[in-house]
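What follows is a set of notes on a single structure, which appears directly below.
Remember, it's a predicted structure, so these values are computed and weren't measured experimentally.
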Protein chains: 2
Amino acid sequence: MQDQPKKSDQDIDFGVLDEFLGYRLRRAQMNFFAKFGEVCEDLGISPGLFAVLAIVERNPGLTQTAVAQALGNDRSAMVAAVDKLESKNLLERRPAVNDRRSYALFLTAEGGRFFDNAVKRVSCYENEMAKCLDGDEEKQWLLNALERLANKSL
Amino acid sequence: MQDQPKKSDQDIDFGVLDEFLGYRLRRAQMNFFAKFGEVCEDLGISPGLFAVLAIVERNPGLTQTAVAQALGNDRSAMVAAVDKLESKNLLERRPAVNDRRSYALFLTAEGGRFFDNAVKRVSCYENEMAKCLDGDEEKQWLLNALERLANKSL
DNA sequence: TATTGTTATACTCTATAACTATA
DNA sequence: TATAGTTATAGAGTATAACAATA
């Protein structure tokens with residue numbers, strides 16, 4: 001049945017979607033998450049878990065709620081995330097010194113090594129992805145534009 | 001308990017996350033989706049459903065699978081999406097002329113009006129968000145950079 | 001009263017596999 | 001045999017509400 005040639009992906013008219021930052025951001029981000037999954041498959045961590053490790057590594061002793069706020073999600077979501085990282089021996093809950101309600105989070109020694117290795121992986125694929133950009137200048141400009149968009153309110 | 005001043009969000013060190021396009025893309029996109037939800041709350045459509053309408057409007061007669069491929073997701077996910085849009089009388093499944101396995105998708109008259117209205121809403125908030133960019137020149141450059149990143153393979 | 005971690009819960013999004021009817 | 005739509009299902013991600021312990 002080839003009477004009417006099928007529209008290939010190239011022939012689709014995306015209309016307004018092509019001019020919408022929201023749609024373009026989503027497509028770009030989906031590609032990055034998919035690539036992250038490929039590159040870190042054997043490490044057993046998602047972009048979300050990687051972000052938790054990154055925050056705790058640079059800000060040891062932070063509470064779960066503080067990490068959640070930094071990453072922009074609910075504190076209830078941190079429970080499963082920290083559980084998972086703790087069960088992998090990458091992260092540690094210690095009793096907070098001045099507040100018996102909360103925990104202070106720290107990377108374990110293994111977690112530190114694991115994170116260093118993960119950063120190498122992610123940096124490697126980030127650099128590969130950034131090859132479609134025009135050098136470090138365009139990348140820095142893009143990072144800056146994305147930060148502005150992430151913080152823009154209506 | 002204010003012996004040790006709490007780290008505010010501003011004081012958090014994001015480390016490598018600050019230099020990772022993947023993380024920055026996610027934060028920017030989350031902001032856009034949240035704003036989309038606010039602006040289109042009463043319309044009862046998500047960014048995903050809006051995208052389906054946009055594709056069908058510009059490419060009437062496309063099959064469900066073709067729309068799914070255009071948007072980069074699985075055809076099984078289209079069933080619920082088209083069901084929802086059809087139940088709202090915005091979109092119509094018609095039997096395809098040459099293939100009794102597939103449907104051809106079309107906007108209804110109401111769907112056309114609904115979509116025009118939705119485009120106005122979304123364009124309005126898109127323009128508002130784009131005010132943190134340096135004019136149409138930077139926006140066009142950004143759209144172009146995002147397209148490159150969305151299509152980049154390792 | 002307010003806050004931390006937690007649990008239960010639910011909702012969305014997404015993908016996989018298998019089924020059916022067609023091709 | 002291959003494809004379109006469908007179904008069932010499962011996983012991840014995210015959010016809300018309520019609770020106990022603590023501030």
Can you tell me which residue pairs pass the salt bridge (charged side-chain N to carboxylate O under 4.0 Å, His left out) test with a partner in residues 145-154 of chain A, sequence neighbours excluded?
A:R148-B:E138, A:K152-B:E128

Output the single nucleotide from C:dG5, D:dG5, C:dT22 whose closest atom is nearest the side chain of B:T63.
D:dG5

Test salt bridge (charged side-chain N to carboxylate O under 4.0 Å, His left out) applied to B:R24 - qualifying residues, sequence neighbours left out
B:D18

Under 4.0 Å protein heavy-atom contact, by nucleotide of nucleotides 12-19 of chain D - B base, S sugar-phosphate only
-SSBB---

Quick note, A:V79 side chain, CB onward, closest among C:dT6, C:dA23, D:dA23 is C:dT6

By side chain to side chain contact (heavy atoms under 4.5 Å, CB included) - contacts of A:D116 (at least two apart)
none

Listed once per pair and sorted, the side chain to side chain donor-acceptor pair (under 3.5 Å) pairs that draw on residues 117-126 of chain A, sequence neighbours left out:
A:D42-A:R121

So with a 6.0 Å cut-off around CG of A:D83, is the heavy-atom count from everything else above 12?
yes

Can you say whether a donor on the side chain of B:R100 sits under 3.5 Å from an acceptor on the base of C:dT22, or the other way round?
no

Among C:dT6, D:dT6, C:dA21, the one nearest any side-chain atom of B:R93 is D:dT6

Salt bridge (charged side-chain N to carboxylate O under 4.0 Å, His left out) with B:E57: which residues, sequence neighbours excluded?
none

How close or far is atom C1' of C:dC13 from atom CG of B:L71, stated in whole angstroms?
14 Å

Less than 4.0 angstrom between a side-chain N/O of B:S102 and OP1 or OP2 of C:dT22, yes or no?
no

